[in-house]
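Data first, discussion second: the structure below is written as C-alpha cells.
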Protein chains: 2
Amino acid sequence: MENNSTIRLDAIDLQIIKLLQKNARITNKELAAQLDLTITPVYERVKRLEKTAVIGQYVALIDADKTGKGLMALCMLRLEKHTKDKLAQFEAHVAKIPEVTECYHLAGQYDYHLKILVKDMNAFQDFIVNKLSTNENLANIQSSFVMKKITDTTAVPLE
Amino acid sequence: MENNSTIRLDAIDLQIIKLLQKNARITNKELAAQLDLTITPVYERVKRLEKTAVIGQYVALIDADKTGKGLMALCMLRLEKHTKDKLAQFEAHVAKIPEVTECYHLAGQYDYHLKILVKDMNAFQDFIVNKLSTNENLANIQSSFVMKKITDTTAVPLE
DNA sequence: GATGAAAGGGAAAAGAG
DNA sequence: CTCTTTTCCCTTTCATC
C-alpha cells in the first residue's frame with residue numbers, strides 16, 4: 001500500500017503536519033494543547049519528522065506583488081532533442097535563471113513546465129529573449145499569465 | 001516605478017526576507033549577526049514586514065511523496081462559458097476540492113491552471129471524473145504529469 | 001509510549017543615548 | 001539605530017513511570 005519512500009505516519013503525526021503547514025512558528029506547547037498531549041512527545045515527533053525529512057524546510061511566504069514581482073507567468077515548452085545529454089544541459093541552463101521558481105520535467109503534451117516571477121511584461125520579455133531562449137535546444141514556448149489566484153497553497157492535502 | 005501595493009524595502013529588508021525565505025525559524029539573534037546589526041532593529045523590521053503582509057505566512061514545507069501524495073499533475077483547462085457568474089461558480093467549485101493546491105485564472109490559451117497532488121494515477125482518475133468534471137461548464141482539460149522537479153522553490157527571486 | 005521538572009536561551013517591550 | 005534591562009515563555013534535556 002505504500003512505497004519505500006513513504007514513512008509511517010499516525011493520526012497524531014498527520015495532525016502535527018497539518019498545523020505546521022499552516023503555521024511553522026506554532027510552539028510545541030500550543031501543538032501539545034491542540035493535540036491533548038504534553039510537550040515532550042510533541043517535541044520528539046516533530047524532531048522525528050524533521051530527521052526523516054517529512055518536514056523539509058520551514059519558510060516564510062512572501063507577497064510577490066509587494067516585493068515588485070507582480071507578474072506570474074506559466075510556460076509550457078518543448079525541446080528539439082530529447083537525448084539524455086540535451087535534457088541535462090537544458091535543465092542546468094534553467095536552474096541558473098533566478099526568475100524561474102518552478103521547473104518540472106513532464107510526461108504529456110509538453111516537455112517542461114516553468115513558473116516565472118517577474119516585475120512586469122517588459123521583464124518577462126527580457127526573460128524570454130535573453131535568458132530562456134538562449135538555449136539552442138528550445139523548440140517552442142506556450143506562455144500564460146496569471147490574472148487571479150483562486151487557490152495557492154504550499155500545504156499537501158492530508159485526509 | 002512602483003505601484004501602490006509595493007512597500008518600500010531597503011537592502012536590509014531584502015536581506016531579512018531572503019534569509020526568512022530559506023529558514024522561517026532563524027532567530028532574530030542569528031539574523032542580527034548575519035546582517036551586522038543588533039537584535040532590536042531586526043526585531044522591529046521583521047514585525048513591520050509581518051504587519052504590512054510582505055511576509056504573509058510562516059509554513060512548514062512537507063515532502064508530498066513521504067505523505068503518500070506521490071503524483072503531481074498539472075491541468076490546463078478551458079470553460080464553455082465565460083460569464084462572470086459562470087466563472088465565479090467554477091472557481092467556487094474548484095476551491096472546495098482538496099487535491100487542488102493551486103488554481104490560477106489565466107490570460108492566454110487556457111482559462112485555468114491547476115496543480116493537483118494525489119497518491120497515484122487511480123486517484124487522479126477519480127479526481128478528474130468525480131471531482132473536477134462534475135462541473136457542467138468545463139469544456140476540456142489538458143493534463144501533464146510531473147516526472148522530475150528541477151527547480152521547486154517558494155522563494156520570490158530578489159536581486 | 002507518556003509525564004513533569006530544571007537549565008538555558010530567545011522573544012518581547014520599554015527606557016536611554 | 002544601538003544598547004541594556006526585565007519579564008516571560010519556550011526549547012531542550014533528563015529522570016521517571
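So you know, we letter chains A, B, ... as the sequences are listed, proteins then strands, and number each from 1. Please read these numbers as outputs of a predicted model, since none were measured by experiment.
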Any donor-acceptor N/O pair, B/Gln57 side chain to A/Lys22 backbone, under 3.5 Å: yes
A/Lys119 bridged to A/Asp126 by N-O distance under 4.0 Å: no
Protein-nucleotide distance (B/Leu31, atom CG; C/dG10, atom P), rounded to Å: 13 Å
Note: B/Glu44-B/Lys47 ion pair, threshold 4.0 Å (strictly below): no
Rounded distance (Å) that lies between atom P of C/dA2 and atom CG of A/Leu35: 11 Å
Listed partners of B/Glu91 passing side chain to side chain donor-acceptor pair (under 3.5 Å), at least two apart: A/Lys148, B/Tyr112
Separation of C/dA11 P from B/Glu50 CD (nearest whole Å): 12 Å
Backbone of B/Ile128 reached by a side-chain donor or acceptor of B/Ser133 within 3.5 Å: yes
DNA chain D: 5'-proximal contact among A/Thr27 and B/Asp10 (nearest heavy atom): B/Asp10
All N/O pairs under 3.5 Å across the protein-nucleotides 12-17 of chain D interface:
from   : atom 1 : to      : atom 2 : distance (Å)
D/dT12 : O5'    : A/Tyr43 : OH     : 3.3
D/dT13 : OP2    : A/Tyr43 : OH     : 2.9

Ion pair A/Glu136/A/Lys86, N-O distance below 4.0 Å: no
Interatomic distance, A/Asp36 CG vs C/dA2 P [rounded to whole Å]: 12 Å
Distance, rounded to the nearest Å, where B/Leu37 contributes CG and D/dT2 contributes P: 4 Å
Atom-pair distance (CD on B/Glu30; P on C/dA11), nearest Å: 11 Å
Separation of C/dG9 C1' from B/Arg25 CZ (nearest whole Å): 16 Å
